[in-house]
Amino acid sequence: MNDRLALPVGTTLDRFIMRKQEDFPYATGELSQLLRDIALAAKIVNREINRAGLLDVTGAYGSQNVQGEEQQKLDVIANIRFIRALRNGGEVCAIISEEEEDIIQTGNTKGKYIVAMDPLDGSSNIDVNVSIGTIFSVYRRSSETGCDGTLEDCLQNGTRQIAAGYIIYGSSTMLVYTTGHGVNGFTYEPSLGEFFLSHPNIVTPRTGNVYSCNEGALNSFPEGIKNYVSYCKEQGYSARYIGSLVADFHRNLLKGGIYIYPSTAKSPNGKLRLMYECNSLAFIVEQAGGKATTGTQRIMEIEPTDLHQRCPLVIGSTEMVEKVEELVKADALVS
Ligand code: P6P
């Protein structure tokens, strides 16, 4: 038989999830179903992003989110789509979202899981066709099933994540996730409506020559971070800052590099949120062999006190993150 006439299409996300479920002898399939629910919402949001210019869903929605940021129409749409998919899937009892001030109760009181998500990060870039992304974390509820999810369920530190991932809506749409057993990337094939395994066992380079930060705010960076930016210039590194966290993170994950959003005059605690941006990407980068800290503390060990709390983020190739920590520590010793 001439196989070349019908090359295999590869491993679908569904088949991969089922195979990986076999790695969990006592898995009962709820997490697998949850991941499928996320993938379904991602396909729907992908379709709406790709048609944004044609459907009058670009631009501002005319309200602000809990962060006081102008909501884009697609922010609101993506938030609805992911909440609806997770509610209908039945596995999630409660959700925290960048777009919602309070915990969203799904009504699935028997659901074992909590999802923390940024439904559409970088959405101000939609109108100019820059890559954007969805970021999510999954936790096991700590409260008993049979009731709504509690604040305690939602405020767990990052080491208690059981899964995390992101979807990048770019030149191609990819889903990258971990369940604590490595990181795998899936590329969406719209003509088949399936995600296919395209980046198995992602390992991020231990070092790199790309740094991502908004140097427009450099003057208000902490001294140690300023010193690291100077170090990058001395080393001849390339500055790459898209203004879309998922896009910068994804490039650095695959090629090596570092993304830094420190405390600034405008954002004294940093701009990015712990529960559904920093923790999620920290879990992924650590599983891929990288590192994620505030510059002094491991991101995943921060004990959360607020659903939407912010923290400084230094994330990427281990040796680059450790250089930042070294310079931050040196500055602390002299100041
Ligand atoms: P600044 C987008 O709003 C975002 O949350 C990240 O995706 C991005 O990296 C960052 O903020 C950009 O922030 O202050 O540099 O414009």
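Just so you know, ligand 1 is whichever comes first in the structure, and atom 1 is the first atom listed for that ligand.
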(request) With sequence neighbours left out, write down each residue that passes side-chain hydrogen bond (donor to acceptor under 3.5 Å, both in side chains) with Thr159, or none if nothing qualifies. (result)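 Partners of Thr159 under the side-chain hydrogen bond (donor to acceptor under 3.5 Å, both in side chains) test: Asn157.
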(message) Holding to side-chain hydrogen bond (donor to acceptor under 3.5 Å, both in side chains), I want the full list of residues that pass it with Arg81, two or more places apart in sequence or in another chain.
(response)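 Arg81 satisfies side-chain hydrogen bond (donor to acceptor under 3.5 Å, both in side chains) with Glu48 once adjacent residues are dropped.
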(message) If I apply the N/O under 3.5 Å rule, does Asp248 come out as touching ligand 1?
(response)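 By distance alone, the answer is no.
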(message) What I want to know is whether Val246 and ligand 1 share at least one N or O pair that is separated by under 3.5 angstrom.
(response)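 Min N/O separation from ligand 1 is not below 3.5 Å for Val246.
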(message) I'd like to know if Glu98 and Arg273 make a salt bridge, using a cut-off of under 4.0 Å between side-chain N and carboxylate O.
(response)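 The answer is yes: the pair qualifies as a salt bridge.
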(request) May I ask you to check whether Phe249 and Tyr166 place their ring centres under 6.0 Å from each other? (result)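 Yes, ring centres under 6.0 Å apart.
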Please identify which atoms of ligand 1 are closer than 4.0 Å to at least one heavy atom of [X].
X: Leu272; value: 5 (O)
X: Leu245; value: 6 (C), 7 (O), 8 (C), 9 (O)
X: Tyr241; value: 1 (P), 9 (O), 10 (C), 12 (C), 13 (O), 15 (O)

(request) Establish, for the pair Lys323 and Tyr231, whether the NZ or CZ atom is under 6.0 angstrom from the six-membered ring centre and no further than 45 degrees off its axis. (result)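 Positive - Lys323 is close enough to the ring of Tyr231 and near enough to its axis.
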(message) Quick test of your reading of the structure: of Lys266, Glu215, Lys271, whose heavy atom lies closest to atom 13 (O) of ligand 1?
(response)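 It is Lys271 that holds the nearest heavy atom.
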